[in-house]
Amino acid sequence: MKKILVTGGLGYIGSHTVVELQKSGYQVLIIDNLSNSSLDVLEGITNISKIPPTFERLDLRFKADVSDFFKRNSDIEGIIHFAASKAVGESVENPLLYYENNLNTLIYLLQECNTYGIENFIFSSSCTVYGEPDSLPITEDAPVKAATSPYGNTKQISEEILKDTCSVSSLKAIALRYFNPIGAHETLEIGELPAGVPQNLVPFITQTAAGLRKELSVFGNDYPTEDGSCIRDYIHVVDLAKAHVIAMQRLLSKKNETQFEVFNLGTGRGSSVLEVVNSFEKTTGEKLNYKIVARRPGDVISVYADTKKANEVLGWKAEKTMEDALKSAWKWEQKVRGI
Ligand code: NAD
Ligand code: WQD
């Protein structure tokens with residue numbers, strides 16, 4: 001059984017990916033410092049797969065601890081690196097936290113890859129690297145625009161770090177640029193559980209429907225889109241998770257065409273905020289309190305993926321619908337809140 005290290009494996013996307021890796025026969029080791037997750041997730045994963053993954057509570061910002069971990073686990077064959085801080089607003093308030101957590105952790109891992117000859121590395125990037133696109137849907141060769149937040153900047157710099165490292169070593173890396181992941185596992189054992197007030201649309205919607213929030217603020221209805229609200233590409237987290245397994249298999253079987261590759265992971269379909277709200281109401285039968293408020297600073301108008309490269313080169317395609325994702329997100333919220 002090939003051993004795969006998943007950093008941030010108790011987080012939202014990481015936990016769903018661990019389950020898919022286990023289903024595909026990989027032995028999974030998880031590192032997480034629980035800064036944005038909890039040990040309950042480990043139980044959720046085990047309830048689904050019936051295989052308890054090996055877990056180590058470790059903060060990847062501590063280089064000596066990272067070195068010690070690899071000394072004990074030098075037979076790891078691949079790494080999927082999810083661990084990072086991800087709140088855009090917080091990154092503006094506290095840039096050094098973001099540069100430290102999102103860049104040092106990557107550098108320390110890559111140094112260990114060099115030391116132990118670990119050649120297969122998957123990185124969580126983001127559609128945020130594209131900024132406001134010149135044309136839609138966005139292909140992977142669209143220009144990377146100046147980042148509008150330290151968080152976005154860490155994703156751009158991380159891709160550069162990976163590209164430069166691949167060019168001077170045997171490292172093979174794939175950066176997966178996620179669009180907007182939503183939804184929960186169908187078993188409702190794992191899902192998205194943001195700390196505090198959710199910044200992202202779908203958890204805010206489900207918390208509003210659950211009565212935790214008074215109303216959803218729709219940030220702007222005067223954008224140059226059909227209904228005036230912003231457009232995004234919402235992708236089911238399980239579809240996203242499956243792409244990581246395919247990407248890892250690509251590297252392990254040396255099918256990659258270049259040492260550093262980039263893929264968009266989205267559905268290819270753009271949906272407006274108001275479409276998401278309507279779809280949520282329709283699929284769940286819940287009435288949602290919402291009001292239109294001013295635009296949120298920094299929001300791009302419209303962004304959705306050209307998925308041709310992921311479809312044809314990776315052989316992956318999103319299968320679930322936005323309705324599937326919204327339904328599962330709502331059921332998950334109900335379970336968590338005991339509704
Ligand atoms: P998440 O916060 O749920 O998961 C990240 C996990 O990493 C958490 O469990 C956290 O405790 C852990 N972690 C953070 N810093 C760590 C450290 N120093 N050492 C060890 N563990 C650490 O986030 P997510 O939504 O699952 O995102 C995973 C990755 O995908 C991140 O890199 C994020 O930037 C990226 N991404 C997320 C989205 C999104 O909308 N969720 C979109 C694009 C990219
Ligand atoms: C989606 C749409 C909001 C909340 C962010 C990061 C990005 C990536 C994904 C990591 C937008 C609108 C939202 C609310 C609203 N993360 N909205 N009311 O902004 O596309 O991307 O998460 O890489 O880097 O920036 O996602 O879920 O915050 O917003 O009207 O209460 O919903 O304006 O149009 P976003 P989001």
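Remember, it's 1-based here, ligands and their atoms both numbered in the order they're listed. In this text, all values refer to a predicted model and were calculated from it rather than measured experimentally.
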Residue among Lys172, Arg250, Lys255 satisfying salt bridge (charged side-chain N to carboxylate O under 4.0 Å, His left out) with Glu261: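 Of the listed residues Lys172, Arg250, Lys255, the salt bridge (charged side-chain N to carboxylate O under 4.0 Å, His left out) partner of Glu261 is Arg250.
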If we ignore angles and hydrogens, is there a donor and acceptor under 3.5 Å between the side chains of [X] and [Y]?
{"X": "Asn264", "Y": "Tyr130", "result": "yes"}
{"X": "Asp324", "Y": "Thr321", "result": "yes"}
{"X": "Tyr234", "Y": "Thr267", "result": "no"}
{"X": "Glu215", "Y": "Thr208", "result": "no"}

N/O of Leu201 under 3.5 Å from N/O of ligand 2, yes or no?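 Yes, since at least one N or O of Leu201 sits under 3.5 Å from an N or O of ligand 2.
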Does any N or O of ligand 2 fall below 3.5 Å from an N or O anywhere on Phe219, backbone included?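 Yes - when backbone and side-chain N and O of Phe219 are compared with those of ligand 2, one distance drops under 3.5 Å.
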4.0 Å heavy-atom contact, [X] with ligand 2:
{"X": "Tyr234", "answer": "yes"}
{"X": "Arg296", "answer": "yes"}
{"X": "Tyr151", "answer": "yes"}

Taking only non-hydrogen atoms of Thr7, do any sit less than 4.0 angstrom from ligand 1?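 The answer is no, since Thr7 has no heavy atom less than 4.0 Å from ligand 1.
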Is Lys3 salt-bridged to Asp75, going by a charged N under 4.0 Å from an acidic O?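 Result for this pair is yes, salt bridge flagged.
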For [X], the ligand 2 atoms whose distance to one of its heavy atoms is below 4.0 Å:
{"X": "Asn200", "value": "5 (C), 22 (O), 26 (O), 27 (O), 28 (O), 36 (P)"}
{"X": "Gln199", "value": "4 (C), 28 (O)"}
{"X": "Ser217", "value": "14 (C), 15 (C), 18 (N), 30 (O), 31 (O)"}

Provide, to 0.1 Å, the distance between atom 17 (C) of ligand 1 and the closest protein heavy atom, together with that atom's residue and name.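 Heavy-atom neighbour on the protein nearest atom 17 (C) of ligand 1: Asn33 ND2, 3.3 Å.
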Looking only at protein heavy atoms, which one is nearest to atom 12 (C) of ligand 1, and how far off is it?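 I find the closest protein heavy atom is Asp32 OD1, 3.3 Å.
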So which atom in Ile301 and which in Arg232 form the shortest heavy-atom distance, rounded to 0.1 Å?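 Smallest interatomic distance, heavy atoms only, reads O-NH1, 3.6 Å.
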Proximity to ligand 1 by part of [X], non-hydrogen separation under 4.0 Å:
{"X": "Thr128", "value": "neither"}
{"X": "Asn101", "value": "side chain"}
{"X": "Ser125", "value": "backbone"}
{"X": "Lys155", "value": "side chain"}

If you take the centroid of each ring, where Trp contributes its six-membered ring, are His16 and Phe82 closer together than 6.0 Å?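 No, they do not, as the ring centres are separated by 6.0 Å or more.
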Contact atoms of ligand 1, heavy-atom distance to Ala83 under 4.0 Å: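 Here the atoms of ligand 1 in question are 7 (O), 13 (N), 16 (C), 21 (N), 22 (C).
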At less than 4.0 angstrom from any non-hydrogen atom of Ser35, what atoms of ligand 1 do you find?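 Counting from 1, the qualifying ligand atoms are 10 (C), 11 (O), 13 (N), 14 (C), 15 (N).
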Between Tyr116 and Phe70, what is the ring plane arrangement, given parallel below 30°, perpendicular above 60°, and tilted in between?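 Rings of Tyr116 and Phe70: parallel, under 30°.
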